[in-house]
Novice: 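Provided herewith is a single structure, encoded as structure tokens, for subsequent inquiry.
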Amino acid sequence: MKKVLLYYHFSCTRGGGDFLPLSFLDELHRISDVTLAVDVESGFEAAVELFGFHFDRSRFRVVPVMPPGYSMAKHNIWYSRYRCKQLKKLAAGADVCISTSNIMDFGRPAHHFINVIDIGDDDFLDHVRHRRPSTGTKIRRLLQNLVLKPLSGMRTKWATFSDPREHIYPNSEFVNRLLRGYYPPFNGAVFYPPTAFEPGPVSVPRDPLKVVYLGRITEGKRLPDIIGIVERVRAATGLDLKLSIAGPLKGAKPEGKLGELVEGKDWIDFPGALYGDAKTRFLFSGTYTIHAMREEAFGISITEYMKAGLIPIVPDEGGECEVADNPGLSFHTDDEAAAVLTRLLNDPEFRELQRRKCADRAAVFSYDAYLARQHALLKSILES
């Protein structure tokens, strides 16, 4: 029986990215001797409860690789060094090492599954976002990569990509192009992550004038853009279009600039964080959804939207565009997004055509289809 070291951080707010490591663990712990390395063990327990997995806990062990009290908000290079040392110790006794949280240094060849564009290499992120770092920033990074990391026993991301023994799996063709356009040629192939959401029959009336959003309420999700698009369509059509934004909140409404932006707009509501049946009912209550983030690595939420029968309007770039795979629903500017939504509202034939296309695309991302791909890949990894 192969000894497998499987790593995932489990240190962020619970989200769709947690499902892939749990799904890997669910299969691997039945056929191999698994050590699950995590940053925060309580995060793992919360994710198991959220997604409803039932593991035979006698078949694997969970090992935290960060010191007690660790928080992602406090992360720095010294925490990276601490994690790296712990992973290398665990890897010494493993036959196979797998990271489901981007590139990790196990001190030996491994399989690395990309889940976000920010893989821990600031130079790559600047390349993706077309930013030019200052001279001081360049010098600091050179010192870190050429002095601090080697002294700490850590490899750079560039060194990992350059090693032909490593295997790297981007989570979309979009991310694959970004990585291959920056790093040396590497072994690996695109592997789409799973979507946990598989709705059953739901008796919820679908509001034909409702746009929904479900996810983290953060600056990166560009919620002001979504609000502005809906506002344009309300003004252009005269329809009482509603927008419902679900996600974790500290209070009843968002704080800061977003809170000021929605003040007085009674057509926007915030039902808070939704899970399980509440999440399903929420998604089935709307007809449309708008995704505004321009550099989503994959776009798990888009698969969930389409499975719930929603029609997603997405940017013409990023993983979400690849997932939707529908030029008729993509946009480059917010004005174009408003035009797409306006046509959906005013043209029943166009709307029905897009609904059918979305239903067909949703079937590609069924969990059964994912499990078949996962089984084939893990089998090849264990046998190689």
Side-chain angles (χ1 to χ4, degrees), residues 15-20 99-103 111-131 157-158 160-161 166-197 213-216 218-222 225-226 289-307 310-334 336-337 340 357-358 360-366 369-370 373-374 377:
D18 296 356
F19 196 73
L20 184 141
S99 168
T100 55
S101 185
N102 301 318
I103 310 297
H111 298 265
H112 312 267
F113 290 80
I114 306 298
N115 57 10
V116 294
I117 292 174
D118 185 357
I119 62 171
D121 184 340
D122 291 334
D123 288 329
F124 170 65
L125 203 57
D126 283 344
H127 168 76
V128 169
R129 295 177 177 171
H130 308 289
R131 297 185 307 208
K157 298 296 186 288
W158 189 276
T160 302
F161 277 94
E166 304 282 359
H167 289 77
I168 297 163
Y169 306 88
N171 58 350
S172 68
E173 291 292 351
F174 166 65
V175 173
N176 189 42
R177 289 192 298 271
L178 291 177
L179 293 172
R180 293 188 183 277
Y182 181 79
Y183 292 105
F186 58 86
N187 289 322
V190 171
F191 183 76
Y192 284 140
T195 302
F197 184 67
Y213 165 88
L214 177 68
R216 294 189 179 97
T218 63
E219 183 179 349
K221 297 297 184 180
R222 302 180 72 158
D225 288 10
I226 296 174
T289 182
I290 302 171
H291 198 85
M293 187 175 178
R294 300 302 177 114
E295 52 188 41
E296 194 84 73
F298 173 67
I300 286 176
S301 62
I302 306 302
T303 67
E304 295 181 335
Y305 291 146
M306 293 190 295
K307 287 181 181 184
L310 291 163
I311 300 175
I313 300 169
V314 300
D316 59 0
E317 56 188 314
E320 61 271 41
C321 178
E322 182 179 329
V323 171
D325 192 27
N326 188 340
L329 297 176
S330 66
F331 66 91
H332 191 68
T333 66
D334 289 356
E336 290 175 2
V340 172
K357 286 184 176 181
C358 290
D360 291 342
R361 188 61 176 161
V364 175
F365 297 100
S366 71
Y370 167 77
R373 292 188 292 109
Q374 173 183 288
L377 179 60

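Everything quoted here is computed from the prediction, not taken from an experiment. When a residue number appears, it is its place in the shown sequence, counting from 1.
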Novice: Measuring from atom CD1 of I302 to atom SG of C358, what distance do you get when rounded to the nearest 0.5 angstrom?
Specialist: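 Here the rounded value is 9.5 Å.
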
Novice: Using side chain to side chain contact (heavy atoms under 4.5 Å, CB included), reason through N115 and L20 one step at a time and then give a plain yes or no.
Specialist: CA-CA 9 Å; N115 57 10; L20 184 141; over 6 Å; no

Novice: Side chains of H291 and S301: closer than 4.5 Å at any heavy-atom pair?
Specialist: yes

Novice: What are the two closest heavy atoms between S330 and V340, and how far apart are they?
Specialist: O-CG2, 4.0 Å

Novice: To the nearest 0.5 Å, how far apart are CD1 in I311 and CD1 in I290?
Specialist: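 If we round to the nearest 0.5 Å, I311:CD1 and I290:CD1 are 12.0 Å apart.
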
Novice: Can you establish whether the number of heavy atoms outside H332 located under 6.0 Å from its atom NE2 is more than 12?
Specialist: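 Not more than 12 within 6.0 Å, no.
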
Novice: Have Y182 and D121 got a donor and an acceptor in their side chains that come within less than 3.5 Å?
Specialist: no

Novice: Are R294 and E320 ion-paired here, with the side-chain N under 4.0 Å from a carboxylate O?
Specialist: no

Novice: Looking at N326, is its backbone amide N or carbonyl O close enough to the side chain of K357 to form a donor-acceptor pair, meaning the two atoms are under 3.5 Å apart?
Specialist: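 It does not hold such a pair.
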
Novice: Quick one: are I117 and F124 in side-chain contact, heavy atoms under 4.5 Å?
Specialist: yes

Novice: Restricting to non-hydrogen atoms, name the atom on R361 and the atom on E322 that form the minimum distance, rounded to 0.1 Å.
Specialist: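 Looking at all heavy atoms of both residues, the shortest contact is NH2-O, 3.0 Å.
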
Novice: Under the 3.5 angstrom rule, does the side chain of K157 hit a backbone N or O of Y183 as a donor-acceptor pair?
Specialist: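 Here the side-chain-to-backbone pair does not exist.
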
Novice: Please assess R131 against L125 for the test side chain to side chain contact (heavy atoms under 4.5 Å, CB included), listing each intermediate value before the final yes or no.
Specialist: CA-CA 8 Å; R131 297 185 307 208; L125 203 57; 4.1 Å; yes

Novice: When rounded to the nearest 0.5 angstrom, what distance separates OG1 in T100 from CG in N171?
Specialist: 11.5 Å

Novice: Looking only at the aromatic ring of each residue, does the gap between the centers of Y192 and F298 stay below 6.0 angstrom?
Specialist: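 Yes - the distance between ring centres of F298 and Y192 falls below the 6.0 Å cut-off.
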
Novice: Let me confirm one number: the OG1-OH distance from T195 to Y370, rounded to the nearest 0.5 Å.
Specialist: 10.0 Å

Novice: Determine whether I114 and I103 make a side-chain contact, defined as any pair of heavy atoms from C-beta on separated by less than 4.5 Å.
Specialist: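 Answer yes - side chains close enough.
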
Novice: Where do F174 and A297 come nearest, in terms of heavy atoms and distance?
Specialist: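 Scanning both residues, the minimum pair turns out to be CD2-O, 4.2 Å.
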
Novice: When you measure from the side chain of R177 to the backbone of S172, do you find a donor-acceptor pair of N or O atoms at a distance under 3.5 Å?
Specialist: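 Not at all, since once roles are kept as given, no pair shorter than 3.5 Å links the two residues.
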
Novice: Which value, rounded to the nearest 0.5 Å, describes the distance between T303 atom OG1 and Y305 atom OH?
Specialist: 10.0 Å

Novice: How close do G17 and I300 get, heavy atom to heavy atom, and via which atoms?
Specialist: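 Heavy atoms only, the tightest pair is N-CD1, 4.2 Å.
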
Novice: Are F191 and Y169 an aromatic pair, judged by ring center distance below 6.0 Å?
Specialist: no

